[in-house]
Amino acid sequence: MNTQDKETGTDFIREIVAADIRSNRHDGRVITRFPPEPNGYLHIGHAKSVVLNFGVATENGGRCHLRFDDTNPTKEDVEYTEAIMEDVRWLGYDWGEHLHYASDYFGRLYEFAVRLIMKGKAYVCDLSADEIRRYRGTLKQPGKNSPYRGRSIEENQDLFERMQAGECADGSRTLRAKIDMASPNLSMRDPTIYRIRKVPHHRTDDKWCIYPMYDFTHCLSDAIEGITHSLCTLEFENNRPLYDWFVKEVDPPWHPHQFEFARLNLSFTVMSKRKLLDLVEQGLVDGWDDPRIPTLTGMRRRGYTPEAIRSFCERIGVARKDSLVDVALLEHAIRYDLNQKVKRVMCVLRPLKVVIENYPEGQTEELEAPYFPDDPPRMGTRKVPFSREIYIEREDFMEEPYKKFFRLAPGREVRLRWAYIIKCESVIRDEKTGEITEVRCTYDPDTKSGGPAADRKVRGTLHWVSAPHCIEVEARLYDRLFTVQNPLGRQEDFKSFLNPDSLETLAAAKIEPSMKNAQPGDRVQFERQGYFYVDPKDSTGQKIVFNRIVPLRDRWAKLVKAGRA
Ligand code: ATP
Ligand code: MG
């Protein structure tokens, strides 16, 4: 699959927008919005919505608003608001002057509610939340009318004013739409429009003690902003009749229309802010920017690029059917993006010492190595020091190799990348544990690049670093956060499927000295090990921390096959 070929194809949303433009439906305007609730950090699912909303607007010369759906004062926080803005900007989008807050519309929403009361379309109800639930009925059974449904317009007006003035206790009353308690659509059974919450709001402080509900706020905020295409996820399909009802009955100057698309679900992770908050609060992950969780801040910290995320979102497309997207597709997108962008260097994650017995003690050679072997002129070269003592990857040595093990083993030869062919002569063990602590080898001086036997073939090629020259760094390797594809689709608590091995910290990895000036935020490929990112938070002058963004897949195997390694 080729992620670079941007989806030039269309989708049903883009088809609707194109048809509206052709028929000059909204005078050719396209205004969308991304409406997050500031109750957590954005995740890759939100990115799908951001890419769609901003994408559709930009492609059609329109605009996309960023609107915070901040109607729930108890769960929201400025921390989240700021983080969301940062994430949307990081993804590469700009809302210009159209930064909006539903809370800015509280005054108008109040007037809209009064309008409904005046039309006899809303009433103040004294049932408790529990009673409302019981009166609502079920999918099979119609609901029951509230005993307060028949209140007069004047009484409703008066009571709603009192609610607003703070005269009623929390939870003692609500304002409800008067629609149909027998509707087969539960969201049409006299839904709550306003509730009492005597808590300050992070933007309006204590100006209000009643707060509008999501459904009411959402569609009417779209109306206030003149949104032409209100895009949302499928779970709101059932709410569309209610959305339309509010718009029709309130009758603001602009009537928006809602279109639903499938939300993104990704395998081996969870996406809901509530679930992620649960993991964060219980300390099961290391904060909202833990590189293992699919928040945008976590993915940024891991080293994902906005280009890769955008390309992934375009690639998965927009459909009307829910599905579970394989996380491998996301990994493909980041590999594809970084493949052409970053240098290749050598880093040994789990070092095993190799002493080359016939290499003169105290001697050092500087070997020339291209940063981008596929096309060396592109990124130039660096010098890699070679000496008598080097490190190779522990897993690249086997005392009793299995049949297809083509790496180092007693009596066997391998090539050291950019250097010589070496042969294993013997091993040295720890006397107590029996563990191999050192491999003794000899090298063939004719086999380096330019030497008489430079072309001599051996089956394996290993990466390595020179022991006296390398730098010790920390490498963090991530695995899937959960052990099952869909941790939410089960009876057990999703947290019981957490992968205990989702993080492996290698505190003494050894990297070639060309990386000594690596800066926080740098990305690089460690040959055979994957793409890595210099952790901007934990890297210090003392120690560089590398996060593995994604391992390589088959790249080395392919190179070996093509005879280029
Ligand atoms: P969550 O359950 O994670 O909190 P949400 O839908 O409640 O998600 P909002 O802040 O209300 O989060 O979402 C803002 C926008 O992002 C909405 O338009 C919503 O439909 C969209 N969105 C949220 N999650 C996804 C997803 N997984 N895939 C696509 N769009 C999503
Ligand atoms: Mg929500």
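Each residue takes its place number in the sequence, starting with 1. FYI, side chains are in, hydrogens and waters are out, and symmetry mates aren't considered; it's all heavy atoms of this structure. In each ligand, atom 1 is the first atom listed, and ligand 1 is the first ligand listed.
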Discussion item. Using a 4.0 Å cutoff against the non-hydrogen atoms of P36, which atoms of ligand 1 qualify?
Written reply: 10 (O), 14 (C)
Worksheet item: Y135 and M181: which non-hydrogen atoms are nearest, and at how many Å?
Response: O-CE, 3.5 Å
Response to the item:
Atoms of ligand 1 under 4.0 Å from any heavy atom of S272, numbered from 1 in the order shown, are 2 (O), 3 (O)
Worksheet item: Any side-chain heavy atom of V524 within less than 4.5 Å of one from Y533?
Response: no
Worksheet entry | Distance filter under 4.0 Å to S49 heavy atoms, resulting ligand 1 atoms | 16 (O), 18 (O), 21 (C), 30 (N)
Discussion item. Could you work out, for atom 30 (N) of ligand 1, the closest of G45, P38, G40 by heavy-atom distance?
Written reply: G45
Discussion item. I'd like to check which ligand 1 atoms, numbered from 1 as shown, lie under 4.0 Å from a non-hydrogen atom of T233.
Written reply: 19 (C), 20 (O), 29 (C), 30 (N), 31 (C)
Fill in: ligand 1 N/O within reach of E37 N/O, cut-off under 3.5 Å
yes
Discussion item. Please compare K48, M271, R263 and report which has the shortest non-hydrogen distance to atom 26 (C) of ligand 1.
Written reply: R263
Worksheet item: For ligand 1, which atoms, with element, lie under 4.0 Å from some heavy atom of L264?
Response: 26 (C), 27 (N), 28 (N), 29 (C)
Fill in: Residue-ligand contact K275/ligand 1, heavy atom below 4.0 Å
no
Practice prompt. Assert yes or no for the condition that the ring centre distance of Y41 to Y80 is strictly below 6.0 Å.
Written response: yes
Worksheet entry | ligand 1 to Y214 polar contact by distance, N or O atoms, under 3.5 Å | no
Worksheet, complete the sentence: In terms of its nearest heavy atom to atom 10 (O) of ligand 1, the top option of K273, R274, R33 is K273
Practice prompt. Establish, yes or no, whether the cationic atom of R29 lies under 6.0 Å from the six-membered ring centre of W254 and within 45° of the ring axis.
Written response: yes
Fill in: Straight-line distance of T204 OG1 to D104 CG, nearest 0.5 Å
9.5 Å
Fill in: Flag for H100-H98: side-chain donor and acceptor within less than 3.5 Å
yes
Item to complete: Kindly indicate whether the side chain of R189, heavy atoms from C-beta on, has any atom under 4.5 Å from the side chain of I179.
Response: no
Discussion item. If only side-chain N and O atoms count, and only distance matters, is there a donor-acceptor pair under 3.5 Å linking Q525 with Y531?
Written reply: yes
Worksheet item: What are the atoms of ligand 1, with element, lying closer than 4.0 Å to any heavy atom of F34?
Response: 14 (C), 15 (C), 16 (O)
Practice prompt. For P35, counting its heavy atoms only, list the atoms of ligand 1 lying under 4.0 Å from any of them.
Written response: 14 (C), 18 (O)
Worksheet item: With a cut-off of 6.0 Å (strictly less than), are more than 12 heavy atoms of other residues, nucleotides or ligands near CD of E97?
Response: no
